[in-house]
Amino acid sequence: QVQFVESGGGLVQPGGSLRLSCTFSRDTYVIGWFRRAPGKGREAVSCVSVGGSTTYANSVKGRFTISRDNAKNTVYLQMNTLKPEDTADYYCAPGCTLVALQGYDQWGQGTRVTVSS
């Protein structure tokens, strides 16, 4: 049963913006965004708690903003000033770190973000 569905990815030019959405079918204390760049492993990007606390990877700090609308069962990732290195498949999951998500096997298909001119 799919519990986390990502959307909003696409092709954008460097310096552009995208907003990703993660809809979830059940409540969790935290929801995080992760990404897997071509040829690389999965990386934690950002996380938000039910109370609104947020964390960001150093690689995206100052450029990405995570938010959560519990009423809509949706978490957003606003991505600004996108760089080619942000190109990746983006996933959401019920955790903030890969350590916390070790053993998690419910990764979805993600949404693809391509930053290219």
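Counting begins at 1 with the first residue of the sequence. Just so we're clear, the structure is a prediction, and the values are computed from it rather than from any experiment.
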Roughly how far, to the nearest 0.5 Å, is the [atom2] atom of [Y] from the [atom1] atom of [X]?
X    : Y   : atom1 : atom2 : value
S53  : I66 : OG    : CD1   : 11.5 Å
T65  : R19 : OG1   : CZ    : 12.0 Å
Y90  : E43 : OH    : CD    : 8.0 Å
Q109 : S7  : CD    : OG    : 12.5 Å
L82  : R63 : CG    : CZ    : 6.5 Å

Legend entry - S21/K72 under side-chain contact (heavy atoms from CB on, under 4.5 Å): CA gap, chis, key distance, verdict: CA-CA 11 Å; S21 297; K72 295 182 178 179; over 6 Å; no

Looking at [X] and [Y], what are the two nearest heavy atoms and their distance?
X    : Y    : result
P14  : S116 : CD-C, 3.6 Å
Y104 : A93  : CE2-CB, 3.8 Å
C47  : G95  : SG-O, 3.7 Å

Legend entry - With R36 via salt bridge (charged side-chain N to carboxylate O under 4.0 Å, His left out) - residues at least two apart: none

Legend entry - Under the salt bridge (charged side-chain N to carboxylate O under 4.0 Å, His left out) test, residues paired with R112 that sit two or more places apart: D89

Inset, instruction - Indicate yes or no for a side-chain donor-acceptor contact from S46 to the backbone of T55 under 3.5 Å, with no hydrogens or angles considered. - result: yes

Inset, instruction - Look only at the side chain of E6 and the backbone of C92, and say whether a donor-acceptor pair between them is shorter than 3.5 Å. - result: yes

Can [Y] be reached from [X] by stepping across I, L, V, M, F, W or Y side chains whose heavy atoms are under 4.5 Å apart?
X    : Y    : result
V50  : L101 : no
L20  : V30  : no
V113 : I31  : yes
L11  : L18  : no

Legend entry - side chain to side chain donor-acceptor pair (under 3.5 Å) between N80 and S17, intermediate numbers included: CA-CA 4 Å; N80 299 324; S17 299; 2.8 Å; yes

Inset, instruction - Any pair with a residue in residues 28-63 that passes ring pair (Phe, Tyr, Trp, His ring centres under 6.0 Å), sequence neighbours left out, goes on the list, sorted by first then second residue, please. - result: F34-W107

Legend entry - P94 and Q3, any side-chain heavy atoms less than 4.5 Å apart: no

Legend entry - T23 side chain reached by N73 side chain, heavy atoms, under 4.5 Å: no

Inset, instruction - Report the C-alpha separation of M79 and V115 in whole Å, then their side-chain angles, then the decisive distance to 0.1 Å, and conclude whether the side-chain contact (heavy atoms from CB on, under 4.5 Å) test is met. - result: CA-CA 11 Å; M79 307 185 296; V115 185; over 6 Å; no

Legend entry - Plane angle bin for F24 and F4 - parallel if under 30°, tilted between 30 and 60°, otherwise perpendicular: tilted

